[in-house]
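The block underneath contains the structure these notes are about, expressed in structure tokens.
Lettering follows sequence order; numbering is per chain, from 1.
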There are 2 protein chains.
Amino acid sequence: MDTKSMIIDTATTLFQQKGYIGVGLNEILKTCNISKGSLYHHFPNGKEELLIACLKSMSESITTDIEDIFKRYQTTQEATLAMIEKLIENYNREGSISGYTFTSIVSELATLSAPVRNACSYLYIKMQGIYSNKLVEDGLSKETADSIALMMTAAFEGGIMLCLTQKSSHPLKVISQLLPKLMKGFQ
Amino acid sequence: MDTKSMIIDTATTLFQQKGYIGVGLNEILKTCNISKGSLYHHFPNGKEELLIACLKSMSESITTDIEDIFKRYQTTQEATLAMIEKLIENYNREGSISGYTFTSIVSELATLSAPVRNACSYLYIKMQGIYSNKLVEDGLSKETADSIALMMTAAFEGGIMLCLTQKSSHPLKVISQLLPKLMKGFQ
DNA sequence: GTCTATAATACGATAGAC
DNA sequence: GTCTATCGTATTATAGAC
């Protein structure tokens, strides 16, 4: 694998663990076993350019992951339950939820840096689109599907935050039980 | 007002705007027009001790604010709509949502610092309690009320995140339209 | 393309005078 | 209780050799 990709992969993991401001360039360089000159050769605009590359890489893996799940199951309800179950399994195994959200990485920057905010917005809209399309397949109108998909995106994001602060997967479990009832109300 | 309270108030505003790691001690000192020695006299353990004091102060103002709203309206549905409307008005006026959430302040620390995580957890549980009590008053069972209250807390938290990244109050509006339907499904 | 050396600055924290 | 001066140590970024 080329150096640039290796830097992105390593930095992504570190950013997920400690957040953007929580990880210094030196830590990234040490983990990658490269020098400062090499990093600035690949990312002339420094740390923020590297972050954007990491967010883009994460966006792709998260959305293809969710898309796969939503293709594998017939209804939104089944797919949603499977997705949350995967999140909970991930939480039980690793003790934290690192994928499926940017919040813990960039929330402190989201209000300051426009490129970062755009990367967040892009991911949320992409996720929402996957949910909405499936709900339309289920027979809901485009408008209703969009609303529920937005609610799902918000509930997941908030649910992950609750799990992280309470050190428990219980919030996501409760949400997975309630979301189907919300969908049924429209069918 | 005494110096200590003034420091807490000023630091709270700065943390809300730029996040914990985004605000340096020097910026706080300059805004307060005090010296380093004064700050460390009131907060011997430095920046993190100051943050905890700010979170505690915010917790109190947020929960009394929500409690007031929930006392003023008869049903959870009305109170919820009023609360979200207030959030949206606040967003339209100031262009951002600074109250009602810690996420944008401490999410990068929530996984690292136990005292910070506890402060977050405390606020979420307090909010959830307010919602749950009102839902029990509405006639729901304790168990159902707890579940819906958790869902509300998560949806608000996620909804705020969506509003901030998309620079729009639309997500919270949609959530305020959907939450009543979720409650009705149980009545 | 990668390295070393270095710059310039900001950080949190401490010591001691008043 | 507040001040000034200072200490280490981080930070991001750059220059120039190879």
Margin query: For a quick test of reading the model: is some side-chain N or O of A/H41 closer than 4.0 Å to OP1 or OP2 of C/dT2?
Written below: no
Notebook entry, point to check: Within less than 4.0 Å of OP1 or OP2 of C/dA10, is there a side-chain N or O belonging to B/N26?
Noted result: no
Among all residues two or more places apart in sequence or in another chain, which pass the side chain to side chain donor-acceptor pair (under 3.5 Å) test with [X]?
{"X": "A/S141", "result": "A/T144"}
{"X": "A/K36", "result": "A/N26"}
{"X": "A/K4", "result": "none"}
{"X": "A/N33", "result": "none"}

Expected list for residues 169-184 of chain A: side-chain donor-acceptor pairs under 3.5 angstrom, two or more places apart:
residue, atom, partner, partner atom, Å
A/S169, OG, A/K173, NZ, 3.4
A/S176, OG, A/K173, O, 2.8

Check: Are any side-chain N or O atoms of A/S132 and backbone N or O atoms of A/Q128, one a donor and one an acceptor, separated by less than 3.5 Å?
Finding: no
Note to self: Listing request: all salt bridge (charged side-chain N to carboxylate O under 4.0 Å, His left out) pairs with a residue in residues 60-89 of chain B, at least two apart in sequence or in separate chains.
What the structure shows: B/D65-B/K86
Review item, nucleotides 13-17 of chain C N/O atoms under 3.5 Å of protein N/O:
residue, atom, partner, partner atom, Å
C/dA13, OP2, B/Y40, OH, 2.7
C/dA13, OP2, B/K47, N, 3.2
C/dA13, O5', B/Y40, OH, 3.1
C/dA13, N6, B/K36, NZ, 3.1

Separation of [X] atom [atom1] from [N] atom [atom2], in whole Å?
{"X": "A/Y20", "N": "D/dT11", "atom1": "OH", "atom2": "C1'", "result": "11 Å"}
{"X": "B/F43", "N": "C/dG12", "atom1": "CZ", "atom2": "P", "result": "15 Å"}
{"X": "B/E27", "N": "D/dT11", "atom1": "CD", "atom2": "P", "result": "20 Å"}

Checklist line | Nucleic acid contacts of residues 1-12 of chain B, taken as heavy-atom distances under 4.0 Å to DNA chain D | finding: B/T3
Item checked: Residues which pass salt bridge (Lys or Arg N to Asp or Glu O under 4.0 Å) with A/K30, listed by chain and number, not counting sequence neighbours -> none
